[in-house]
Amino acid sequence: MKADPDDTSHHDGRSFGLTRSGRCCSDWRLDRLLAGELAGPDQSALERHLAGSPACQRRLDELRSARTAFLAAAVPLPAPPRASRPPRG
């Protein structure tokens, strides 16, 4: 997985330094949480951090709202036509 260029936290998720944008958590890390891509110690550490950081929790809520709106507006694509198979012989 590609590293987040705006994330200055340690790879094990135990420490969160300020990102270059001035927030504790990068949008990339928060989006990974929303997508279910964090697990174990990384997820636990981020959830503990969010419990004590109103700014990061607000940003998570903003990203969650945007994600929900995006998914609600998505238009399903029709299934591709089934190709007929040549007879086996």
Side-chain angles (χ1 to χ4, degrees):
M1 182 167 291
K2 194 173 180 184
D4 174 15
D6 196 34
D7 188 3
T8 59
S9 64
H10 296 290
H11 66 87
D12 62 4
R14 289 180 296 167
S15 175
F16 295 91
L18 290 179
T19 63
R20 286 180 288 214
S21 61
R23 285 192 315 274
C24 301
C25 301
S26 67
D27 286 356
W28 179 79
R29 185 178 292 278
L30 295 173
D31 192 54
R32 287 191 63 210
L33 179 67
L34 291 173
E37 295 176 357
L38 292 180
D42 288 338
Q43 181 177 345
S44 298
L46 182 53
E47 288 171 346
R48 280 192 306 276
H49 172 76
L50 289 168
S53 177
C56 290
Q57 183 61 56
R58 268 192 309 277
R59 184 61 183 152
L60 179 67
D61 293 342
E62 291 168 358
L63 292 171
R64 182 180 290 120
S65 293
R67 184 183 192 92
T68 300
F70 177 80
L71 292 173
V75 177
L77 297 174
R82 291 188 81 157
S84 59
R85 292 185 174 178
R88 291 185 178 183

*Taking Arg32 for the side chain and Glu37 for the main chain, is one N or O donor matched with an acceptor at less than 3.5 Å?*
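Such a contact is found between Arg32 side chain and Glu37 backbone.
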
To the nearest 0.5 Å, what is the distance between [atom1] ([X]) and [atom2] ([Y])?
{"X": "Leu63", "Y": "Asp27", "atom1": "CG", "atom2": "CG", "result": "5.0 Å"}
{"X": "His49", "Y": "Cys25", "atom1": "NE2", "atom2": "SG", "result": "3.5 Å"}
{"X": "Arg67", "Y": "Glu62", "atom1": "CZ", "atom2": "CD", "result": "15.0 Å"}

*With a 4.0 Å cut-off, would you call Arg29 and Asp42 a salt bridge?*
no

Atom pairs and distances, side-chain donor-acceptor, residues 70-80, under 3.5 Å, sequence neighbours left out:
none

*asked:* Would Leu46 and Gln43 count as a side-chain contact (heavy atoms from CB on, under 4.5 Å) here? Give the steps.
replied: CA-CA 5 Å; Leu46 182 53; Gln43 181 177 345; 6.0 Å; no

*Test side-chain contact (heavy atoms from CB on, under 4.5 Å) on Leu33 and Glu47 and set out the steps.*
CA-CA 9 Å; Leu33 179 67; Glu47 288 171 346; 4.2 Å; yes

*Mind checking what makes side chain to side chain donor-acceptor pair (under 3.5 Å) contact with Arg58, not counting sequence neighbours?*
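Checked Arg58 against side chain to side chain donor-acceptor pair (under 3.5 Å); zero matches.
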
